[in-house]
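These values consider heavy atoms only, across backbone and side chains, with no hydrogens, waters or symmetry-generated copies.
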Amino acid sequence: MDIARGSVAVTLLTRDAGPLLHRVLDGIAGQATARRVCLYAVDSGSRDGTVELLRDRGARVASIRPDEFDFGRTRDFAFEQADGEFIVTLSQDAVPAHIDWIENLLAPFADPQVAVSCGASIPDPKRGFEQFPWERNGYFYFTREMAKFRAAHGRGVSFANAAVRRSVWERLRIGPQALGEDFQFQQRVQAAGFAIAFPGNAEVLHHHDYDLAGLWGRCRNEGLALRELGCPYSTRDLLADLVSPRKYVQWLREFSRGGLRSSAALAFPVLRPVAVYAGARSKSGYRAYVHRMKEAA
């Protein structure tokens with residue numbers, strides 16, 4: 001098959017996306033591609049003009065109530081609305097880094113065994129805050145539940161910047177998953193014998209920072225999600241991660257060069273394993289948390 005002739009749907013899950021959405025939409029519209037690109041969004045209760053902007057820019061928008069949102073089910077719903085051989089899934093705050101992003105993301109589908117292609121996220125120089133230092137230095141996922149996932153499945157897929165072969169999704173679906181639906185789909189794809197590609201030239205501009213509450217919420221939810229996906233986090237894992245020295249060496253390096261400028265960054269080597277453990281042992285479900293997504297003025 002000549003994939004250059006295929007159509008592609010770009011899907012977004014949105015809620016109060018803010019002014020950054022203008023840049024996301026400009027980045028999609030400015031792609032150097034001859035293929036037909038259509039934009040689809042599922043919005044879960046925006047009140048800041050997100051829906052109106054999307055429709056003004058030609059997107060088809062479906063709306064759900066905030067209490068109906070579930071990453072797995074909502075992602076499936078977005079894919080159901082989409083029309084195209086390939087479905088791109090993009091975070092509402094992930095800006096295509098260059099005009100060849102979509103072609104580079106789709107290039108691996110020339111191999112019929114590839115079901116998912118996942119691009120990287122790189123820091124956004126126009127964002128109004130620095131990248132969280134533990135994401136920048138590669139230590140964010142140092143805890144053992146993630147090591148278990150990588151041992152079983154390799155590098156993790158992120159639906160912040162990925163593309164899916166529609167025929168494979170129709171066969172496998174994603175299914176209910178409050179968080180970690182990209183990892184869940186990765187497990188299904190690999191179990192079905194398909195391949196996953198990670199092209200190095202399909203980047204988006206996408207980074208986060210956290211306060212203590214936001215960091216705790218994310219890490220706690222990830223512990224719960226990984227437990228549900230078969231990667232539990234035991235008391236033994238917690239103790240081993242707390243005493244492991246490598247992250248503390250990195251902490252000293254970051255501290256010495258002034259990189260730990262917030263309480264969240266300072267506390268991270270201890271906060272993450274404790275929060276992941278709390279999530280892995282939780283019986284009360286997921287908790288809401290918020291990324292900082294401000295832009296420079």
Legend entry - side chain to side chain contact (heavy atoms under 4.5 Å, CB included) involving Glu130 - partner list, sequence neighbours excluded: Arg261
Legend entry - ILVMFWY network linking Leu252 to Trp134, side-chain heavy atoms under 4.5 angstrom: yes
Inset, instruction - Look at Arg173 together with Glu80 and state whether they make a salt bridge at an N to O cut-off of under 4.0 Å. - result: yes
Inset, instruction - Mind listing the closest non-hydrogen atom pair of Gly175 and Arg188 along with its distance? - result: N-NH1, 4.0 Å
Inset, instruction - Locate the shortest heavy-atom distance separating Gly18 from Thr50; write the atom from each residue and the value. - result: N-OG1, 4.0 Å
Inset, instruction - Count the heavy atoms of every other residue, nucleotide or ligand shown that sit under 6.0 Å from CZ of Arg246, and state whether that count exceeds 12. - result: no
Legend entry - OG-CG distance between Ser117 and Asp111, expressed to the nearest 0.5 angstrom: 11.0 Å
Inset, instruction - Using the rule that two of Ile, Leu, Val, Met, Phe, Trp, Tyr join whenever any of their side-chain heavy atoms come within less than 4.5 Å, decide whether Phe255 and Tyr139 are in one cluster. - result: yes
Inset, instruction - Enter the distance from Asp67:CG to Arg65:CZ here, rounded to the nearest 0.5 Å. - result: 4.5 Å
Legend entry - Min side-chain heavy-atom separation Val37-Gln31 under 4.5 Å: no
Legend entry - Distance-minimising heavy-atom pair for Val114 and Ala197: CG1-CB, 4.1 Å
Legend entry - Side-chain (His207) to main-chain (Ser121) donor-acceptor, under 3.5 angstrom: no
Inset, instruction - Kindly say whether Leu229 contributes a backbone atom to a donor-acceptor pair with the side chain of Gln187 at under 3.5 angstrom? - result: yes
Legend entry - Other ILVMFWY residues reachable from Val168 by side-chain steps of under 4.5 Å: Phe79, Ile87, Val116, Val157, Phe159, Val164, Trp169, Leu172, Ile174, Phe185, Val189, Phe194, Ile196, Phe198
Inset, instruction - Kindly indicate whether the side chain of Leu25, heavy atoms from C-beta on, has any atom under 4.5 Å from the side chain of Leu12. - result: yes
Inset, instruction - Begin from the C-alpha positions of Ser244 and Asp241 and carry the test side chain to side chain donor-acceptor pair (under 3.5 Å) through to its verdict. - result: CA-CA 5 Å; Ser244 175; Asp241 280 337; 5.8 Å; no
Legend entry - Any side-chain heavy-atom pair of Arg253 and Asn137 under 4.5 Å: no
Inset, instruction - May I have all residue pairs that pass side chain to side chain donor-acceptor pair (under 3.5 Å) and include part of residues 51-63, sequence neighbours excluded? - result: Asp26-Arg57
Inset, instruction - State whether the side chain of Thr11 and the backbone N or O of Ala41 hold a donor-acceptor pair below 3.5 Å, judged by distance alone. - result: no
Inset, instruction - Report yes or no: do Leu13 and Tyr40 belong to one cluster of Ile/Leu/Val/Met/Phe/Trp/Tyr joined by side chain heavy-atom distances under 4.5 Å? - result: no
Legend entry - Heavy-atom pair with the smallest gap, counting every atom of Pro66 and Arg15: CB-NH1, 3.7 Å
Inset, instruction - To the nearest 0.5 angstrom, please state how far the CG atom of Asp211 sits from the CZ atom of Phe132. - result: 10.0 Å
Inset, instruction - For Arg166 and Ala82, indicate whether the former's side chain and the latter's backbone hold a donor-acceptor pair under 3.5 Å. - result: yes
Legend entry - Residue pair Gly72 / Asp70: nearest heavy atoms and the distance that separates them: N-OD1, 3.0 Å
Inset, instruction - Just do the side-chain contact (heavy atoms from CB on, under 4.5 Å) check on Ile28 and Val88 with the steps written out, would you? - result: CA-CA 11 Å; Ile28 295 169; Val88 172; over 6 Å; no
Legend entry - Linked, directly or transitively: Ile122 and Leu90 (ILVMFWY side chains, under 4.5 Å): yes
Legend entry - Check: Asp93/His206 side-chain N/O donor and acceptor closer than 3.5 Å: yes
Legend entry - Check: Tyr141 and Arg150 side chains under 4.5 Å, non-hydrogen atoms: yes
Inset, instruction - Say whether Leu39 and Phe86 are linked into one hydrophobic cluster, either directly or through other cluster members, by side-chain heavy-atom distances under 4.5 angstrom. - result: yes
Inset, instruction - With rounding to the nearest 0.5 Å, note down the distance linking OG in Ser262 to CZ in Phe129. - result: 12.0 Å
Review item, side-chain donor-acceptor pairs of residues 263-280, under 3.5 Å, at least two apart:
residue	atom	partner	partner atom	Å
Arg272	NE	Phe140	O	3.1
Arg272	NE	Thr143	OG1	3.0
Arg272	NH1	Glu222	OE1	2.8
Arg272	NH2	Glu145	OE2	2.9
Arg272	NH2	Glu222	OE1	3.3
Tyr277	OH	Thr235	OG1	2.7
Tyr277	OH	Arg281	NE	3.4

Legend entry - Point-to-point distance, once rounded to the nearest 0.5 Å, from CG of Leu21 to CZ of Arg23: 11.5 Å
Legend entry - From CG (Leu242) to CG (Asp237), nearest 0.5 Å: 11.0 Å
Legend entry - pair Phe149-Gln186: side-chain heavy atoms closer than 4.5 Å: yes
Legend entry - Test: Arg35 and Glu103 ion pair at under 4.0 Å: yes
Inset, instruction - Write down the atom of Pro176, the atom of Arg73, and the distance for their closest heavy-atom approach. - result: CB-NH1, 3.5 Å
Inset, instruction - Flag the pair Lys148 / Leu226 as yes when at least one side-chain heavy-atom distance between them is below 4.5 Å, and no otherwise. - result: no
Inset, instruction - Examine distances only and state if a side-chain atom of Arg227 and a backbone atom of Ser282 form a donor-acceptor pair shorter than 3.5 Å. - result: yes
Inset, instruction - Compare all side-chain heavy atoms of Arg165 with those of Arg171 and state whether any distance is below 4.5 angstrom. - result: no
Inset, instruction - Look only at the side chain of Gln131 and the backbone of Pro123, and say whether a donor-acceptor pair between them is shorter than 3.5 Å. - result: no
Inset, instruction - Would you mind reporting whether Ile64 and Val42 have side-chain heavy atoms less than 4.5 Å apart? - result: yes
Legend entry - Neighbour count >12 (heavy atoms, 6.0 Å) for atom OH, Tyr248: yes
Inset, instruction - Would you mind checking if Asp209 and Arg127 are paired as a salt bridge, meaning a charged N to carboxylate O distance below 4.0 Å? - result: no
Inset, instruction - Please check if the side chain of Glu181 supplies one atom and the backbone of Arg75 the other of a donor-acceptor pair under 3.5 Å. - result: no
Inset, instruction - Would you please name every residue forming a side chain to side chain contact (heavy atoms under 4.5 Å, CB included) with Arg47, sequence neighbours left out? - result: Asp16
Inset, instruction - Mark yes or no for whether Asn161, through its side chain, and Ala202, through its backbone, hold a donor-acceptor pair below 3.5 Å. - result: yes
Inset, instruction - Not counting sequence neighbours, list each pair that qualifies as a ring pair (Phe, Tyr, Trp, His ring centres under 6.0 Å) and has a residue in residues 48-73. - result: Phe69-Phe71
